[in-house]
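This report refers to the structure that appears directly beneath it.
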2 protein chains.
Amino acid sequence: MDDAQVREALREAILRGEFVPRQRLVEVDLCERFGARRFAVRAALQDLTAEGLVERQPNRGARVREVSLDEAIEISEIRRVVEGLVAARAAERLTDADASRLKSIGQQMRTAVETGEAGTYSDLNAELHATLREIARHEMANRIIAQLRGQMVRHQFALSRVPGRSVASLAQHEAVIDAVVARDPAAAETAMQAHITSVIEALRALGR
Amino acid sequence: MDDAQVREALREAILRGEFVPRQRLVEVDLCERFGARRFAVRAALQDLTAEGLVERQPNRGARVREVSLDEAIEISEIRRVVEGLVAARAAERLTDADASRLKSIGQQMRTAVETGEAGTYSDLNAELHATLREIARHEMANRIIAQLRGQMVRHQFALSRVPGRSVASLAQHEAVIDAVVARDPAAAETAMQAHITSVIEALRALGR
DNA sequence: ATCTACAAGATTGTTAGCAATCTCGTTGAC
DNA sequence: GTCAACGAGATTGCTAACAATCTTGTAGAT
């Protein structure tokens with residue numbers, strides 16, 4: 001396994017909770033776990049450190065970096081403005097096929113909420129956001145969002161378990177879809193920002 | 001010199017134009033240039049690759065990454081929303097001392113434009129943006145802005161040489177200062193976004 | 001029982017050198 | 001003259017091993 005593969009595998013392992021915040025990431029253990037040599041493991045650790053998923057201290061090795069609630073809120077504030085930009089741009093670039101697709105996702109989300117399928121809703125949530133990014137085709141925004149997402153996974157999990165969260169977010173997602181499909185960039189941006197403001201508020205409520 | 005020092009030195013060298021876009025960054029030459037061993041140079045190259053300043057291809061080494069005009073425009077679009085967030089937050093968090101400082105910078109900028117000191121204006125421009133970031137204290141925004149800045153330096157240089165650019169931007173900067181000092185977050189955000197929209201337009205004009 | 005000192009083991013940081021790959025220049029064929 | 005093949009040199013990728021640093025457990029003193 002080369003360093004890019006280790007990096008991908010380790011990132012996924014962290015995102016899925018196999019390695020938890022503050023956990024030591026011992027090189028020799030990672031070599032065994034991923035079937036790689038130290039060279040590749042060290043390179044992967046360096047990259048994941050640059051990404052903010054891992055922290056390293058000289059002579060003391062690497063740990064999964066813990067993202068505080070305050071930091072999660074700041075990250076969400078950045079997401080609010082950047083995903084607002086994405087939504088606005090999607091509204092500008094939308095094709096008819098895109099519109100159909102967004103409507104379809106919206107309908108599936110409503111069904112998932114009505115039938116109480118939280119996992120499906122969560123998947124569709126991710127799919128909606130990804131679709132907007134595809135439509136918008138703003139490379140730099142995509143890069144930033146991808147990077148920030150890795151750091152938020154734990155808090156997102158916590159949020160998804162808040163009762164009523166799906167119901168609340170459904171209306172917001174639908175508003176985003178409606179505005180984008182209406183090809184109204186300003187409304188799309190506003191709707192997306194309102195949605196993520198609601199995420200921020202829910203995060204703040206977690207801290208109380 | 002350790003890898004952090006090489007990274008800083010190499011970043012600075014790239015930003016100041018010692019190494020130009022597309023230029024090969026040969027490890028052994030960098031070792032000599034920075035008085036470092038290959039280990040440190042390779043680590044620095046890896047980090048600067050993650051930062052987007054350098055690109056590396058397997059077995060073919062590293063080059064200074066060229067940032068296209070299109071990418072510069074996308075970067076500026078991100079800056080527009082993120083620096084808008086910073087301006088709004090600065091407006092919320094401003095102290096009286098902060099206000100005095102911003103006003104002082106604004107006055108110096110006006111003087112620089114009136115006396116035709118483009119270099120001074122450019123420095124003050126950077127200082128204004130940095131001061132807003134200090135006031136806002138949004139760690140994640142600062143990180144993103146710092147990273148994007150490194151990638152924009154070449155296009156910023158091109159912009160600063162556009163005749164009349166300083167005069168045009170002075171009014172915009174003053175509008176930002178006024179809104180922040182007035183503790184009006186929405187106006188601050190709008191003013192900052194208008195300023196960077198103007199940057200984006202100037203960038204687009206460079207391509208024609 | 002608690003605290004300190006020390007040594008052993010664990011782990012990270014780095015080196016020197018070799019293997020692998022690419023680039024470029026030269027030569028020969030057409 | 002152009003193009004292809006080959007070899008030498010340049011450069012990157014990686015290894016094995018050693019040095020440096022930290023952590024933990026044990027023994028001894030109080």
Side-chain angles (χ1 to χ4, degrees), chain A residues 1-68 150-151, chain B residues 1-68 150-151:
Chain A
M1 233 206 250
D2 70 10
D3 57 335
Q5 287 170 323
V6 177
R7 190 178 63 221
E8 296 303 321
L10 179 54
R11 184 194 287 117
E12 288 306 317
I14 293 172
L15 294 194
R16 115 185 132 237
E18 179 182 332
F19 298 107
V20 301
R22 307 297 300 150
Q23 183 169 350
R24 285 280 287 109
L25 300 171
V26 178
E27 291 175 6
V28 72
D29 295 342
L30 297 180
C31 290
E32 211 176 295
R33 165 69 181 74
F34 297 107
R37 297 294 172 82
R38 262 184 91 207
F39 185 82
V41 164
R42 290 180 62 82
L45 284 173
Q46 187 175 346
D47 279 340
L48 293 181
T49 300
E51 267 182 56
L53 277 192
V54 167
E55 66 186 354
R56 291 208 289 181
Q57 284 181 290
N59 293 312
R60 286 158 162 256
R63 286 183 188 278
V64 179
R65 192 167 79 86
E66 176 150 42
V67 177
S68 69
Q151 301 183 41
Chain B
M1 237 209 249
D2 70 10
D3 57 336
Q5 288 170 324
V6 178
R7 190 178 63 223
E8 295 304 320
L10 179 53
R11 184 195 288 112
E12 288 306 316
I14 293 171
L15 294 194
R16 110 184 136 239
E18 181 182 331
F19 299 106
V20 299
R22 307 296 300 150
Q23 182 168 350
R24 285 281 286 110
L25 300 170
V26 178
E27 292 176 4
V28 72
D29 295 342
L30 297 180
C31 291
E32 212 177 294
R33 166 67 180 76
F34 296 107
R37 298 294 172 79
R38 262 184 90 206
F39 185 82
V41 164
R42 290 179 63 81
L45 285 173
Q46 187 175 347
D47 277 341
L48 293 181
T49 301
E51 267 182 58
L53 278 191
V54 167
E55 65 187 354
R56 290 205 293 181
Q57 284 180 290
N59 292 312
R60 284 159 164 253
R63 285 181 189 280
V64 179
R65 192 167 79 86
E66 176 149 43
V67 177
S68 69
Q151 301 183 41

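Please read all numbers here as calculations on a predicted model, not as lab measurements. Reminder, nothing fancy here: chain letters follow the sequence lines and each chain counts from 1. Just so you know, these numbers use all the heavy atoms, side chains as well, and skip hydrogens, waters and symmetry mates.
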Could you state the atom-to-atom distance from CD of Q57(A) to C1' of dC22(D) in whole Å? 12 Å
Of all the choices, dG13(C), dT11(C), dT11(D), which nucleotide is nearest to the side chain of V26(A) once you look at every atom? dT11(C)
Contact class for L45(A) vs. all strands (heavy atom < 4.0 Å): base, sugar-phosphate, or nothing? nothing
Nearest-Å distance, CG (N59(A)) to P (dT24(D))? 15 Å
pair E18(B)-R33(B): side-chain heavy atoms closer than 4.5 Å: yes
Any side-chain heavy-atom pair of T49(A) and E55(A) under 4.5 Å: no
Under the side-chain contact (heavy atoms from CB on, under 4.5 Å) criterion, do D29(B) and E27(B) qualify, and how do the steps go? CA-CA 5 Å; D29(B) 295 342; E27(B) 292 176 4; over 6 Å; no
Can you tell me if the side-chain N/O atoms of R60(B) get under 4.0 Å from OP1 or OP2 in dT12(D)? no
If you check every side-chain atom of R56(A), which of dT11(C), dT21(C), dG13(C) has the closest atom? dG13(C)
Beyond-backbone contact of E51(A) with Q151(A), side-chain heavy atoms, under 4.5 angstrom: no
Using a heavy-atom cut-off of 4.0 Å across all strands, would you classify L30(A) as base, sugar-phosphate, or nothing? nothing
For DNA chain C, find the residues of residues 35-44 of chain A with a heavy-atom distance under 4.0 Å and give them by number; none if there aren't any. R38(A), R42(A)
What integer distance in Å separates E32(A):CD from dA10(C):P? 14 Å
Distance in Å, L10(B) CG paired with D47(B) CG, rounded so as to fall on 0.5 Å steps: 10.5 Å
Please give, in whole Å, the distance from dT11(D) P to D29(B) CG? 6 Å
Could you state the CG-C1' distance from D2(B) to dT15(C), rounded to the nearest angstrom? 16 Å
For Q57(A) and R63(A), test the side chains for any donor-to-acceptor distance below 3.5 angstrom and give the result as yes or no. no
Just how far, in rounded Å, is C1' of dT12(C) from CG of L25(A)? 14 Å
Are V41(B) and F34(B) side-chain neighbours, meaning at least one heavy-atom pair lies under 4.5 Å? no
